[in-house]
Amino acid sequence: MDRFGYRDVANIILKTIRNIEPPFTIGLYGNWGSGKTTICKFIEERLKDDKEIKVFYFDAWKYEKDSFRRQFLINLDEELKLNLNFKSTLNQSLTKPLHPSFRELLKTIFSNLILRIIGIIAVLLIIVSIIVWILKLRGKMDFKNLDQIIPYLANLGLLSFFISFILRSLEIQYGSIQVHRTDSAEGFEDRFYEAIKELNKKYKNLKKLLIVIDNLDRLIHKKAVEVLSDVKTFLVKDTEDKKINKAIFLIPCDDEAIINHLKNVYGEDYDANEFLRKFFNLTFRIPKLLDLELDKYTLEQLKETQIEEFNNPEIAFVITQAFRDNPREIKQFINSLIIYYLLAKERGLKIVLENLPFLAKLLVIRQKWPTEYYFIENRILRTGQSLEESLKELKEKVDNLGLSKN
């Protein structure tokens with residue numbers, strides 16, 4: 001059942017997806033609980049059997065503590081059955097055999113190995129100086145008999161260490177080279193386009209790949225900004241062959257939360273709104289729900305609790321007005337109200353059970369304005385202080401802090 005018109009929004013976005021050319025980014029704006037994920041799931045459902053558009057859904061919050069780049073590629077490979085074995089290869093050794101030319105080997109030696117040899121010689125000279133000084137103090141040698149140093153160093157194993165170090169360095173330089181790490185910009189981009197090319201081979205009729213990155217706004221500030229950067233810089237970049245990159249990104253998010261992420265990372269003076277305008281080629285904002293829709297929804301949710309006392313229009317009114325445009329919050333609040341109702345019933349609190357609308361108001365204040373609720377609870381409910389006296393005291397505290405407009 002789609003009582004809030006989410007399917008209609010999904011159909012509009014889907015029509016847009018069919019008409020645009022990739023690469024492309026679409027932002028679906030809405031507050032937490034406003035139905036963004038539901039809309040994306042409707043789109044995914046409609047495209048389930050579509051041969052021209054494949055859908056890849058990625059929950060960024062699920063992998064917040066891992067590498068976005070690595071998990072994105074692994075999930076892309078597995079969900080679209082590309083058989084690239086990213087899960088195994090992206091976690092293995094990141095070196096590959098190297099057979100350089102003589103010129104490349106000389107260049108590598110002079111640019112890297114020589115510096116290491118100079119460093120070890122310097123360390124060795126310091127060690128020799130210390131040994132000479134110690135032997136001289138013990139009277140075992142003097143400066144005219146330096147030929148004793150070499151066998152002494154050989155006995156200590158320093159010469160063999162020095163020679164093996166040089167040989168091992170040559171072996172390393174000649175035998176292997178480090179490839180681009182998956183978490184590096186180059187490695188990530190290379191693997192992504194490897195997957196796109198394989199996708200084109202596997203699905204001959206494919207025209208577009210819809211990539212949904214959900215729960216981006218739930219990430220910590222730095223992580224969210226990194227994901228945005230990766231998407232814009234690498235995944236939606238135009239390629240020389242326009243037919244390769246078929247990616248269309250649909251990112252459901254709370255734009256206010258994203259703006260907060262950007263300002264936290266780049267500073268309060270950063271123009272986060274301009275960033276979003278440049279980042280998204282197109283944005284949709286989920287329309288606000290009609291009061292009538294929410295009223296019916298709230299009454300139905302209260303009725304489903306099977307608590308007779310909850311079939312109260314006044315309770316429904318309080319809940320609807322407090323959590324407008326957010327059905328998820330309405331449902332969560334009703335669950336909290338049930339707990340407090342059952343607690344009051346268990347304790348036989350008749351005054352609470354007979355004033356459930358008032359209880360709902362208190363719980364709304366506690367959830368939406370916890371600081372104010374704490375003040376009310378401590379000054380009014382526990383001390384018996386009147387509301388007028390409490391407000392006067394609060395005003396005096398504000399004035400003392402210099403926060404009063406007067």
Side-chain angles (χ1 to χ4, degrees), residues 1-15 27-46 214-215 217-218 252-257 283-346 349-374 376-377 380-381 387:
M1 182 178 180
D2 177 30
R3 67 179 315 137
F4 300 121
Y6 293 148
R7 198 178 294 274
D8 293 336
V9 177
N11 289 337
I12 293 172
I13 296 175
L14 185 55
K15 287 180 181 178
L28 177 60
Y29 291 164
N31 297 329
W32 181 84
S34 59
K36 300 185 297 296
T37 299
T38 302
I39 292 171
C40 291
K41 289 299 182 182
F42 277 144
I43 295 173
E44 186 177 11
E45 178 189 333
R46 286 284 304 276
D214 201 3
N215 288 321
D217 42 21
R218 290 192 176 193
C253 61
D254 181 346
D255 54 321
E256 292 184 2
T283 58
F284 288 91
R285 187 175 295 278
I286 298 176
K288 291 186 176 181
L289 303 175
L290 298 176
D291 290 345
L292 183 60
E293 293 172 343
L294 279 178
D295 287 340
K296 289 182 179 179
Y297 176 77
T298 304
L299 285 169
E300 287 181 7
Q301 291 297 314
L302 288 170
K303 187 176 181 180
E304 286 182 8
T305 64
Q306 297 183 352
I307 298 176
E308 186 177 349
E309 292 87 342
F310 281 12
N311 294 326
N312 188 322
E314 189 176 350
I315 296 177
F317 176 80
V318 170
I319 297 173
T320 302
Q321 296 304 309
F323 305 104
R324 307 183 68 82
D325 308 318
N326 203 320
R328 190 185 300 178
E329 279 193 326
I330 290 176
K331 196 165 186 176
Q332 287 185 340
F333 180 81
I334 291 175
N335 290 335
S336 297
L337 185 62
I338 292 173
I339 296 299
Y340 281 92
Y341 165 80
L342 294 176
L343 182 61
K345 194 171 183 180
E346 181 70 21
L349 300 177
K350 187 176 180 181
I351 190 171
V352 175
L353 297 174
E354 291 177 352
N355 293 277
L356 291 179
F358 181 73
L359 174 63
K361 292 174 185 177
L362 281 179
L363 294 178
V364 164
I365 294 172
R366 193 191 68 170
Q367 184 164 328
K368 300 198 60 94
W369 303 283
T371 302
E372 288 78 3
Y373 176 83
Y374 178 80
I376 292 173
E377 183 182 52
I380 298 177
L381 299 182
L387 179 60

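Predicted, not measured: the structure shown is a model, and the values here were computed from it.
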Do the side chains of I338 and F310 get nearer than 4.5 Å, heavy atoms only? yes
Does the side chain of F323 come within less than 4.5 Å of R328's, by heavy atoms? no
Reported CG-to-NZ distance for the pair L343 and K345, which is rounded to 0.5 angstrom: 13.0 Å
The reported gap from CD1 in I319 to NZ in K331 (rounded to nearest 0.5 angstrom) is 13.5 Å
Those residues at least two apart in sequence (or on a different chain) that pass side-chain hydrogen bond (donor to acceptor under 3.5 Å, both in side chains) with D254 are none
Heavy-atom closest pair (Y6 atom, P327 atom, distance to 0.1 Å) is OH-CG, 3.8 Å
Any side-chain heavy atom of I13 within less than 4.5 Å of one from F284? yes
Sequence neighbours excluded, which residues qualify as salt bridge (Lys or Arg N to Asp or Glu O under 4.0 Å) partners of E45? none
May I ask you to test the D217-K36 pair for a side-chain heavy-atom distance under 4.5 Å? yes
Calculate, to the nearest 0.5 Å, the distance between atoms CG and CG belonging to L302 and N312 respectively. 8.5 Å
Show the nearest heavy-atom pair for residues A10 and F42, with the distance to one decimal. CB-CB, 3.7 Å
For the CG atom of N11 and the CD1 atom of I39, what is their distance to the nearest 0.5 Å? 10.5 Å
When you measure from the side chain of T320 to the backbone N and O of F317, does any donor-acceptor pair fall under 3.5 Å? no
Pairs where residues 332-341 contributes a residue and the test side-chain hydrogen bond (donor to acceptor under 3.5 Å, both in side chains) is met, not counting sequence neighbours: E309-Y341, Y340-R366
Under 3.5 Å, side-chain donor or acceptor atoms of residues 351-365 against the rest of the protein: list the pairs with distances, not counting sequence neighbours.
| unit_1 | atom_1 | unit_2 | atom_2 | d |
| --- | --- | --- | --- | --- |
| N355 | ND2 | I351 | O | 2.7 |

Under a 4.5 Å cut-off applied to non-hydrogen side-chain atoms, are T283 and D255 in contact? no
Rounding to 0.5 Å, atoms CD (E329) and CD1 (I334) come to a distance of 12.0 Å
So do L337 and I315 actually touch side chain to side chain, heavy atoms under 4.5 Å? yes
E256 side chain near Y29 side chain, heavy-atom distance below 4.5 Å: no
With a 4.5 Å heavy-atom cut-off, do L28 and C40 have their side chains touching? yes
Contacts of E304 meeting side-chain hydrogen bond (donor to acceptor under 3.5 Å, both in side chains) (sequence neighbours excluded), chain-then-number -> none
Residues two or more places apart in sequence or in another chain: which of them pass salt bridge (Lys or Arg N to Asp or Glu O under 4.0 Å) with K303? none
